[in-house]
Structure formats: C-alpha cells, structure tokens
Protein chains: 2
Amino acid sequence: MASIRDVAALAKVSTATASRALSGRGPVSPATRERVLRASAELGFVPSANAAGLASGRSRNIGVIVPGVDRWFFAKVVRGISEELLDQGYDLSLYTTGGSHDHQEKVLQDYLLRQRLDAVVPVALELTTRERERLVAIGRPIVGVGGAMPGTLTVGIDQEAAGALATGHLTGLGHRHIAHLTAGKDPHRDFGLTGTRQGGFERAMAQAGLVVRPEWVITSDFTLNDAYARAKALLAAPERPTAVFAASDEMAVGTILAARDLGLRVPDDLSVVGIDGHELGDVVGLTTVAQFPERQGARAAARLLQQLAHDGAPDEPQHETVATDFVVRSSTAVPPSPGSRSRRSAASPSPG
Amino acid sequence: MASIRDVAALAKVSTATASRALSGRGPVSPATRERVLRASAELGFVPSANAAGLASGRSRNIGVIVPGVDRWFFAKVVRGISEELLDQGYDLSLYTTGGSHDHQEKVLQDYLLRQRLDAVVPVALELTTRERERLVAIGRPIVGVGGAMPGTLTVGIDQEAAGALATGHLTGLGHRHIAHLTAGKDPHRDFGLTGTRQGGFERAMAQAGLVVRPEWVITSDFTLNDAYARAKALLAAPERPTAVFAASDEMAVGTILAARDLGLRVPDDLSVVGIDGHELGDVVGLTTVAQFPERQGARAAARLLQQLAHDGAPDEPQHETVATDFVVRSSTAVPPSPGSRSRRSAASPSPG
DNA sequence: GCCGCGAATGGAAACGCTTCCACAACAACC
DNA sequence: GGTTGTTGTGGAAGCGTTTCCATTCGCGGC
C-alpha cells in the first residue's frame with residue numbers, strides 16, 4: 001500500500017509538501033501541487049485514516065447515536081445524515097442504544113471517548129443530566145435531532161405547533177370529540193417537556209373551547225401494531241370520538257385499519273390525522289403533518305460540518321426549527337351528524 | 001486526556017507492559033496486571049483508537065455497506081449487526097449507497113481503503129464484477145448478508161425455497177390462478193440468479209402443473225405503495241387471479257389494501273402471501289414466510305468476529321442459510337368456487 | 001552447580017501521517 | 001539597498017499506541 005512517502009518521492013518533494021498539497025492546508029505552488037496530485041493518482045494513494053487522525057486530531061468521522069434504526073423516523077434521519085456526510089467525505093459511525101439506558105451508558109462512556117469522532121449527532125435521545133454532561137465532556141461539536149436539548153444546538157420541527165396544527169384542523173372541521181394517541185415518555189428524560197405534540201393538542205383543544213377527556217388521551221408506543229390494538233379498544237367502546245389525532249403516522253394508520261376492521265368508515269364515521277409524512281399515509285389517504293426527517297438529518301449534519309470547518313466554533317445553542325407541510329388527504333372530514341353516528345354492520349371480518 | 005504513559009507511570013511499569021496488561025496480549029504477571037488496571041481506572045484512561053489502529057493495524061471497527069437504512073429489511077439487518085458488534089466492543093461504520101452505482105463506486109473506492117476497517121459486511125449489494133474485486137482487494141474479511149456472492153461467505157435465507165414454500169402453500173390450497181409480485185433486478189448485478197424467490201415461484205407452479213402467465217408476473221420495487229398501485233391494476237382487470245404471492249410483506253400488504261379498496265375480501269375473494277415477517281403483517285393477518293433479518297445480521301457479524309479472533313482465517317466461502325418460519329394467518333384460504341367469483345359491491349370508497 | 005528455558009519486563013523502533021519551525025527566495029516598500 | 005513580508009519548501013518532532021528485541025530472573029533438569 002502506497003504511503004505518502006512514496007508519493008513524495010515520486011513527486012520529488014518532501015512529505016511535508018506532499019501532505020500540504022493533498023490536504024490543501026498550507027501554501028503550495030500550483031506546479032508542485034499538480035505533480036503531487038499526479039503522483040498520488042498514479043500510485044493509487046489513499047491516506048491512512050488512523051495516521052491522519054492521530055497526527056491531526058481530526059478524523060473525518062462523526063458519530064450518530066440513535067435508539068434504533070428500524071423505526072421510520074430514525075431511519076430517515078440517519079439517511080439524511082449519511083447522505084450529507086458521504087458527500088463531504090466524512091465517515092459515519094453508528095451507535096444504537098436500543099432504547100436501553102444500559103447500552104446508552106456504555107456508548108456514551110466508552111465508545112465516544114476513543115477520540116475517533118470529530119462530532120456527535122444524538123438523535124431523539126432521552127438523556128439524563130449525567131449523560132448529557134458526559135456527552136458535552138467529550139469536547140466535540142454536538143448537534144441533536146428531534147427534541148430540544150438545553151445547551152446544545154438541535155434541529156427539529158416545532159412539535160407543539162405540529163400538534164396544534166393537526167388538532168386545529170380537526171376542531172376547525174367541527175369535531176368536538178377528539179381522542180389523542182400519544183407516545184410514552186421516558187421518566188428519566190432530561191430535555192424540557194415544553195413543546196410536545198401533546199401540548200399542542202391540549203392548546204388547540206383549549207382554544208376551541210373543548211375539554212380533553214383523560215381516558216381519550218391514550219399512551220401508545222409509536223408502533224402501528226400497538227396503536228391498532230388501542231384504537232380498536234377505543235373505538236369499540238360505547239361512546240367513541242369522532243376524530244383521532246395520532247402523534248405519528250404509523251399510529252394513525254393503525255387507527256384507520258382498526259376503524260375499518262370495526263366497520264367504521266374513514267372519514268365518514270371517524271376522522272384521523274397524524275404527524276410524519278410516512279409513505280404509508282399515501283395509500284390510506286391519511287391527512288398528516290409531514291416533517292421530512294431526512295431534511296432534519298441533513299441539516300444537522302450540515303451544521304456540524306460547518307462548525308468543523310470553522311474550527312469548532314460552536315453555533316449558538318438553540319433549537320433550529322425546520323418547516324413542516326400540512327398534507328390534507330381523505331382521512332379527515334366534518335364529523336358525522338349526531339343521528340348518523342351509528343355503527344355500520346361489520347362487513348369485513350377482522351383478521352385472526 | 002490520560003495516555004497510556006500516565007497509566008504506566010502510575011502503575012510503575014513501562015508502557016509496553018501497560019499495553020500488554022490492558023490488551024491482554026503477551027505475558028503479564030497477575031500482580032502487575034492488577035496494578036495497571038487499577039491505575040487505568042483511576043485515571044479514566046481510554047485508549048486512542050487512532051493510535052492503536054495505526055500501531056496494530058486493527059481498528060475494532062467494521063464497515064457495513066447498505067443500499068439504505070430506511071427499508072425494512074436493511075434496517076433490521078443493520079440492527080442485528082449493530083447489536084452484535086456493540087456487544088463485542090466493536091464500532092460500526094455505516095455506508096449507504098442509496099442504490100446508486102455512483103455512490104457505491106465511491107464508497108468502495110475511497111472509503112473502504114482508508115484502513116480504518118477490520119472487515120466489511122455488504123448487505124444485499126448488487127455488485128459488478130469489478131466492484132466485487134475491489135471489495136476483495138482490500139484484503140479484509142467479508143461476510144455478506146442477503147443474496148449469495150461467489151467467493152465470499154454470505155448469510156441469508158434460501159430465497160428459492162422461500163418462494164416455493166409460499167407458492168406451494170397457495171397451490172396446496174387449490175389455487176390455480178396465481179400472480180406474483182416480484183422486485184426489480186439491477187441488470188448490472190453480479191451474483192448468480194439461481195435461487196431467487198421468483199425461481200421458487202416458478203418451480204412450485206410447475207410442480208403443481210400450473211402455467212405461469214407472464215402478465216401476472218409483475219415487477220414492483222419492494223415498496224408497499226408501488227405494489228398497491230400495481231395490485232389495483234391487476235385486480236381491477238376483467239380476469240383476475242385468486243391468489244397473489246408477493247416477494248415481500250410490504251408488497252403483500254399493499255396488495256391486501258388494494259384488494260380491500262376494490263371491495264374484494266381477503267381471503268374469501270383473494271389469497272395473499274408474502275415473505276419477510278414484517279410487523280405490519282400481523283395487523284392485516286398476512287400469511288408469510290418470516291425470515292428474521294436481525295438474526296441474519298447478527299449471524300454475519302458473529303462470523304466476522306470469529307474470523308477476526310482467529311486472526312483473519314477466512315471461513316470457507318459459501319452461503320450460510322438461516323431458517324425461516326412459515327406463519328399462516330388469515331390472508332390465505334381455499335380459492336372461491338367459480339360461481340362466487342363475483343366482485344362484491346364496493347363498500348368502502350377508495351381514498352383520494 | 002551449571003545450563004537452558006520460559007516468563008516477565010523494559011527500551012525503543014515502528015505505524016503513517018501532520019505541522020511546527022527554519023530557511024531560502026523573492027517582492028515590495030521607504 | 002537595506003528592511004520587512006510573503007510564499008514555497010524541507011527537516012524533523014511529534015501524535016499514542018503496539019510490538020520486536022533484549023534483558024533479567026527464577027527454576028527444573030542433568
């Protein structure tokens with residue numbers, strides 16, 4: 001494997017000059033640079049990341065910490081980050097915590113300290129204060145994606161506004177009986193609870209002069225399957241809402257499927273609105289607040305690279321909001337008139 | 001940041017001994033090891049990955065190349081790999097090609113050569129011969145996941161058997177008019193076309209004495225949405241199959257949703273079977289061949305670590321088959337009797 | 001009682017880069 | 001024409017490990 005010494009020799013310069021020519025740092029005459037580049041190409045030279053990292057303290061490698069990669073939002077975010085990074089010649093080290101605090105501990109304690117990372121992107125991480133301190137302690141730029149994190153720059157949508165937007169759409173249509181499928185929260189989580197989707201729901205309900213029925217605020221786990229089961233219970237009850245605001249599209253689709261299996265028509269008997277912009281929503285005609293997670297990931301990565309280019313000068317810590325898009329499809333409509341709120345005779349047998 | 005020299009000094013040994021004690025390579029007396037470990041803990045010493053990698057040529061970092069991480073199968077595989085690796089203290093570098101050959105080129109050409117990787121896991125990659133050679137040329141262990149790759153160890157299910165199993169289930173139920181939703185193939189792909197799901201379909205059809213209607217072998221792109229659209233066209237045609245074998249669960253679910261939107265009952269009017277074991281299948285009662293991609297990823301990672309432990313002695317190149325599980329749910333049944341094969345009056349209006 | 005051997009240890013040379021520092025050459029300025 | 005800068009270049013000192021080699025020591029076998 002060719003080393004920079006070989007390149008230098010072939011170009012008849014010192015390794016110092018070769019390094020400068022290849023990295024673009026420091027003055028090199030055009031003629032020399034050209035010679036070095038040619039020599040490098042001829043030898044098929046690829047610099048050793050380890051050596052470069054050791055010598056310079058920069059490794060062109062950034063760490064991404066995610067609860068998991070097999071959830072829609074996380075996967076999309078990782079995709080956005082990955083594309084942005086690969087474009088810029090950066091590597092991406094992936095750490096999944098599996099949502100477990102043990103794993104998270106381990107990752108933060110050992111892995112991130114090996115000085116192989118120029119920066120870190122925690123995605124939708126729920127950190128304890130200690131964990132957050134540890135993260136900051138590695139002394140590298142950090143840009144979070146998802147919820148806000150005090151003291152660091154984060155990129156994400158305005159969760160509260162999204163919740164209010166979705167709910168307001170329903171109240172605007174005239175719905176007065178609205179249920180909310182929310183996602184469970186980790187009690188250890190650290191970042192401010194202000195600005196949640198549920199908060200937006202509550203605000204929009206209040207603004208419409210509606211009262212939130214506690215038994216209609218249902219905690220699910222962000223999965224379609226769980227939401228399906230909970231929605232089925234909710235909708236099978238003697239008294240049921242005319243609309244459901246689900247905190248994610250997967251939960252919304254689960255709700256729609258549950259409704260269908262109960263013989264309810266969407267949107268005639270039940271309106272459903274979600275948040276995400278999941279591809280699945282298209283097939284079932286889901287009205288939703290699209291949030292473009294790829295874009296969020298890419299934005300976070302871009303911010304990070306920008307900081308690294310400016311020699312680590314950190315951006316002002318804040319939550320950078322990216323725009324959402326309200327997509328009205330066919331899962332929402334005016335509520336049924338009270339007389340017609342009967343259950344249709346079940347036509348499709350439920351599976352299982 | 002504490003270096004190994006500090007540890008050595010505190011433990012009153014040389015850096016050589018400290019290194020041996022910490023890494024477990026080479027003889028160290030129990031007493032000395034104990035002292036070094038204590039000193040290391042006291043200083044909170046974390047070895048520099050770059051330095052260790054540079055000096056030893058091993059980096060405890062393995063590369064995973066995936067078309068993307070926002071597809072069910074890939075995400076699950078990455079999850080399996082990630083968990084296995086983190087357990088063993090290995091880092092994981094993620095490279096996404098986005099399915100584009102340009103990106104793939106770039107990844108294989110530049111990124112993998114930086115000598116930061118101990119091994120590589122290409123996932124479901126369709127490589128040209130040149131690309132494969134390049135991959136092999138980096139001289140590191142390789143274990144693929146997904147399709148077979150000549151010359152390297154791969155882990156995956158028996159695609160052909162899975163296809164035949166699913167199809168055989170349908171023919172066994174008495175279906176004679178069976179369509180197949182398959183996934184597009186990249187013409188540049190290199191690995192043998194033997195052993196595809198479609199091949200299994202064809203074999204099972206032949207074994208049942210059935211003829212494959214070319215217009216009923218429909219190429220889709222593995223997404224639910226595309227399959228939905230194609231299934232709708234297929235099922236709306238004057239003459240339609242009584243059963244569909246979709247090469248993935250997402251496509252199968254798309255088919256089911258399309259059927260429902262057309263007023264067809266599943267399984268009464270149409271049987272649908274898929275491959276994957278996608279969570280979504282549970283909600284719609286999909287009969288499927290579950291393939292446990294996490295397990296495949298974990299297995300591949302384990303094989304790799306095993307090779308690395310045995311000092312790189314590569315396993316015999318072959319395709320290691322992992323077991324599948326045939327899950328019968330409620331999307332398949334005997335075909336409707338000819339007389340009853342009428343279309344039910346559409347009850348649910350299709351969205352949009 | 002000596003030799004040889006293996007275990008434990010230390011010194012120092014890598015590993016392959018980056019970058020500090022020194023120096024030469026040359027331009028520009030008063 | 002000296003002084004001051006600027007630009008291009010090379011020498012060499014790291015960066016923080018691992019590992020080769022040499023050395024010492026204790027011990028069993030003859």
Side-chain angles (χ1 to χ4, degrees), chain A residues 1-37 39-40 43-61 89 91 110 113-118 139 308 311, chain B residues 1-37 39-40 43-61 89 91 110 113-118 139 308 311:
Chain A
M1 186 118 299
S3 82
I4 201 175
R5 252 198 301 266
D6 304 323
V7 174
L10 183 55
K12 300 201 190 314
V13 294
S14 68
T15 62
T17 299
S19 172
R20 280 186 289 252
L22 292 169
S23 69
R25 301 175 167 262
V28 179
S29 79
T32 313
R33 157 170 294 114
E34 183 56 30
R35 281 212 319 285
V36 172
L37 258 38
S40 165
L43 296 175
F45 169 69
V46 178
S48 152
N50 281 325
L54 179 57
S56 70
R58 292 170 257 107
S59 40
R60 297 190 77 75
N61 186 31
D91 279 8
D110 293 356
L113 292 176
R114 295 192 196 149
Q115 307 173 35
R116 195 155 30 185
L117 266 33
D118 285 350
L308 290 174
D311 230 27
Chain B
M1 186 117 297
S3 81
I4 201 175
R5 251 196 301 265
D6 304 323
V7 173
L10 182 55
K12 302 203 189 311
V13 295
S14 68
T15 62
T17 300
S19 172
R20 279 186 290 251
L22 291 169
S23 70
R25 300 173 169 261
V28 180
S29 79
T32 310
R33 158 171 294 113
E34 183 56 30
R35 278 210 322 284
V36 172
L37 257 38
S40 165
L43 296 175
F45 169 69
V46 178
S48 152
N50 280 325
L54 177 58
S56 70
R58 293 171 255 106
S59 40
R60 296 190 79 74
N61 186 31
D91 280 6
D110 293 355
L113 292 176
R114 296 195 195 144
Q115 307 172 37
R116 196 156 29 187
L117 266 33
D118 285 349
L308 290 174
D311 230 29

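A, B, ... follow the sequence lines: proteins, then strands. Residue 1 opens every chain.
- Atom C1' of nucleotide D:dT18 and atom CD1 of B:I4 are separated by 8 Å, given to the nearest angstrom.
- In this structure, B:N50 atom CG and D:dG16 atom P are separated by 11 Å, rounded to whole Å.
- Separating the CZ atom of A:R116 from the P atom of C:dC17 is a distance of 17 Å, rounded to the nearest angstrom.
- In this structure, A:L22 places its CG atom 13 Å from C1' of C:dG16, rounding to the nearest Å.
- Nearest approach of A:S59 to B:N50, heavy atoms of both residues: CB-ND2, 4.3 Å.
- Side-chain N/O atoms of A:R20 and base N/O atoms of D:dG10 include a donor-acceptor pair closer than 3.5 Å.
- Map B:T15 and B:P30 each onto its nearest nucleotide of DNA chain C; the residue landing nearer the 5' end is B:P30.
- At distances below 3.5 Å, not a single donor-acceptor pair connects side-chain atoms of A:T17 with backbone N or O atoms of A:V13.
- Here the P atom of nucleotide C:dA8 and the CZ atom of B:R35 are 13 Å apart, to the nearest Å.
- Rounded to an integer number of Å, the gap from CZ of A:R114 to C1' of D:dC15 is 19 Å.
- Of all the heavy atoms in B:S48 and A:L54, the pair that sits closest is OG-CD1, 4.4 Å.
- Atom P of nucleotide C:dC17 and atom CZ of A:R60 are separated by 15 Å, given to the nearest angstrom.
- Residue contacts shown for A:S56 are limited to sugar-phosphate atoms, with no base heavy atom under 4.0 Å away.
- With D:dT18, C:dA8, D:dA12 as the candidates, the nucleotide lying closest to the side chain of B:R58 is D:dT18.
- Minimum atom distance to the side chain of A:R25 is reached by C:dT19, of the listed C:dT18, C:dT19, D:dG16.
- As judged by a 4.0 angstrom heavy-atom cut-off over every strand, B:P27 is placed among the base-contacting residues.
- Regarding contacts with the backbone of D:dG10, a side-chain N or O of A:T17 is found under 4.0 angstrom from either OP1 or OP2.
- Among the atoms of the strands shown, only primed sugar atoms or phosphate atoms (P, OP1, OP2) are found under 4.0 Å from some heavy atom of A:A52.
- With the nearest nucleotide of DNA chain C identified for both B:L54 and B:G26, B:G26 has the one nearer the 5' end.
- Note on A:S19: a base of the nucleic acid sits closer than 4.0 angstrom, heavy atoms only.
- A:S23 comes within 4.0 angstrom of no nucleic acid atom, judged by non-hydrogen atoms across all strands.
- Nearest heavy-atom pair across B:D118 and B:L308 is O-CD2, 3.8 Å.
- Distance A:R5 CZ to D:dA12 C1': 12 Å, rounded to the nearest Å.
- Residues B:R116 and A:R116 have side chains in contact (heavy-atom distance under 4.5 Å, counting atoms from C-beta outward).
- Between B:D6 and B:M1, the closest heavy-atom pair is OD2-O, 4.3 Å.
- Closest to the B:T32 side chain, of the nucleotides D:dT18, C:dA8, C:dG16, is C:dA8.
- Within the structure, a side-chain polar atom (N or O) of A:S14 is placed less than 4.0 Å from OP1 or OP2 of D:dG10.
- The side chain of A:A55 approaches C:dC17 more closely than any other nucleotide in the set C:dT9, C:dC17, D:dT17.
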